[in-house]
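Everything below concerns the one structure shown next.
Indexing begins at 1, ligand by ligand and atom by atom, following the structure's order. Everything numeric in this text was worked out from a predicted model, so none of it was measured.
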Amino acid sequence: MFSFQDYAAPATVEEALALLDKSRKNRILGGTAWLRMSNLKLHTGIDLKNLGLNSIYEQDGALQIGACCTLRQAETDPLLCGYCGGLVADGIFNIVGVQFRAVAQVGASVFARYGFSDLLPSLLACGASVRLAKAGMMPLEDFLNRPFFRDILLEILLPAQNGIGRSACLRNSAGDFALLNGAVYLDHADCRIAVGARPQCAALARNAGEFVLQNRGSLPVDVLAERAVLLASEELKFGSNMRGSEDYRREMCNVLMRRMLRPLLGKEEGH
Ligand SMILES: Cc1cc2nc3c(=O)[nH]c(=O)nc-3n(C[C@H](O)[C@H](O)[C@H](O)COP(=O)(O)OP(=O)(O)OC[C@H]3O[C@@H](n4cnc5c(N)ncnc54)[C@H](O)[C@@H]3O)c2cc1C
């Protein structure tokens, strides 16, 4: 179990940053579900609870999710449930159990960039950005591509969208980490496909998305999915770990892609 000698709940972002920068042994505390799995001996645990980062609200059609919102809050929030057909909220449902999701926080889940994250594919697919205390605003994709740096994640911003999306995951058993997960966002002008737990962190398969956009309606969904997987396999890396081999993941990506694309494109085929 991790431990810390001192606890602080700063009243401003500046104070929180100053504390974080004071020592490498000072850490931001999210819901501490992950931290509790470690034996870290920390100096100061920095609680962000006084910074007003625990709500989800709409501004000009865009949604803002405070970093301290719990996964459960995000999963059940009416605005998020309605956003892109529930794309973001649905991606959270498979994470452990309700009690766990009532503790773990969205900001920690994004900032930590876990390869297995079930949240990152949906956020990438809908074009999310992040707001950090030091580095400011940046697209989530840029954040994920940066080497790790110390900062505080304040908010996740979801752009106004009028399309729909779908997420899916494959697990060896419920409650385990995903062996593959993904999300698709689709509207008339855009198709964004993200695949995660490869086991590397979620990334966009741009060529696959472009292919689906260009060929929707002219190819059967299963053929679209099969070709999209081929393109995704060329542009994304797959690997092996205890949950599945590289080959198995490539094979399973086909299943994942069909599960995401069928409900989105099925109607266009008259199914
Ligand atoms: C047993 C177990 C199973 C899990 N299974 C899944 C799963 O199947 N799918 C999935 O997607 N996730 C899974 N997770 C991860 C989980 O969803 C959370 O992402 C994780 O617990 C981190 O959230 P937390 O609030 O507990 O963070 P904490 O443990 O409090 O923090 C984690 C790290 O993030 C840092 N941090 C926290 N908040 C911020 C912030 N605002 N800015 C900057 N840094 C910050 C902390 O300093 C720490 O280094 C699992 C976690 C556990 C422990």
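A salt bridge is absent between E141 and R146; no separation between the charged side-chain nitrogens and carboxylate oxygens falls under 4.0 Å. Ion pairing between a basic and an acidic side chain is recognised when a charged N comes within 4.0 Å of a carboxylate O; E75 and R101 show such pairing. Taking a cutoff of 4.0 Å between a charged side-chain nitrogen and a carboxylate oxygen, D90 and R166 do not qualify as a salt bridge. Classification of D222 and R262 as a salt-bridged pair holds, one side-chain N sitting under 4.0 Å from a carboxylate O. Taking the charged nitrogens against the carboxylate oxygens, E210 and R206 have no contact shorter than 4.0 Å, which rules out a salt bridge.
Near L71, with a cut-off below 4.0 Å to any heavy atom, the atoms of ligand 1 are 17 (O). Near V96, with a cut-off below 4.0 Å to any heavy atom, the atoms of ligand 1 are 3 (C), 4 (C), 5 (N). The distance from ligand 1 to the heavy atoms of A108 drops below 4.0 Å at these ligand atoms: 22 (C), 23 (O), 24 (P), 25 (O), 27 (O), 31 (O), 34 (O), 37 (C), 38 (N). Residue S117 approaches ligand 1 through these ligand atoms, each under 4.0 Å from one of its heavy atoms: 11 (O). Heavy-atom contacts of R27 reach the following atoms of ligand 1: 47 (O), 49 (O) (cutoff under 4.0 Å). Those atoms of ligand 1 that come under 4.0 Å of a heavy atom in D151, given as number and element, are 43 (C).
Checking D118 against N94 by side-chain atom types alone, no donor-acceptor pair falls below 3.5 Å.
Between the OG atom of S109 and the CD1 atom of I95 there is a distance of 6.5 Å, given to the nearest 0.5 Å. Taken to the nearest 0.5 Å, the CG atom of L53 stands 5.0 Å off from the SG atom of C68. Here the straight-line distance linking atom CZ of F238 with atom CG of D247 works out to 11.0 Å at 0.5 Å rounding. We find the CG-CG distance between N207 and L230 to be 12.0 Å, quoted to the nearest 0.5 Å.
Taking distance alone, with nitrogen or oxygen atoms compared against 3.5 Å, L35 approaches ligand 1 more closely than that limit. No N or O atom of A178 sits closer than 3.5 Å to an N or O atom of ligand 1. Any N or O atom pair closer than 3.5 Å counts here, and G31 shares at least one such pair with ligand 1. For ligand 1, the polar-atom distance check against L48 finds no nitrogen or oxygen pair separated by under 3.5 Å.
Counting heavy atoms under 4.0 Å from ligand 1, residue R171 touches it through the side chain alone. Residue-level proximity to ligand 1 for N94 is absent, since no heavy atom of it falls below 4.0 angstrom. Neither the backbone nor the side chain of L154 comes within 4.0 Å of ligand 1, counting heavy atoms alone. Proximity of W34 to ligand 1, defined as any heavy-atom pair under 4.0 Å, is shared by backbone and side chain alike.
For atom 9 (N) of ligand 1, the closest non-hydrogen atom on the protein side is D118 OD2, 2.7 Å. The single protein non-hydrogen atom nearest to atom 52 (C) of ligand 1 is F100 CZ, 3.5 Å, given as residue, atom name and distance. The nearest protein atom to atom 1 (C) of ligand 1, hydrogens excluded, is given as M37 CE, 4.1 Å; this is a heavy-atom distance. Among all non-hydrogen protein atoms, the one lying nearest atom 4 (C) of ligand 1 is F177 CE2, 3.3 Å. From the protein, the heavy atom lying nearest to atom 47 (O) of ligand 1 is I28 O, 2.6 Å. Ranking protein heavy atoms by distance to atom 26 (O) of ligand 1, first place goes to A33 N, 2.7 Å. Closest to atom 18 (C) of ligand 1 among all protein heavy atoms lies S109 OG, 3.4 Å. Ranking protein heavy atoms by distance to atom 42 (N) of ligand 1, first place goes to L153 N, 2.9 Å.
Just one residue in the list L157, D142, V130 forms a side chain to side chain contact (heavy atoms under 4.5 Å, CB included) with M137, and that residue is L157.
Compare F116, Y114, F111 by their heavy atoms: the one nearest to atom 32 (C) of ligand 1 is in Y114.
Between F149 and F111, the angle of the ring planes goes over 60°, which puts this pair in the perpendicular group of the 30/60° scheme.
Applying the ring-ring contact (aromatic ring centres under 6.0 Å, His included) test to pairs two or more places apart or on separate chains, those with a residue in residues 175-204 are F116-F177.
For M1 against N39, the heavy-atom pair with the smallest separation is N-OD1, 2.9 Å.
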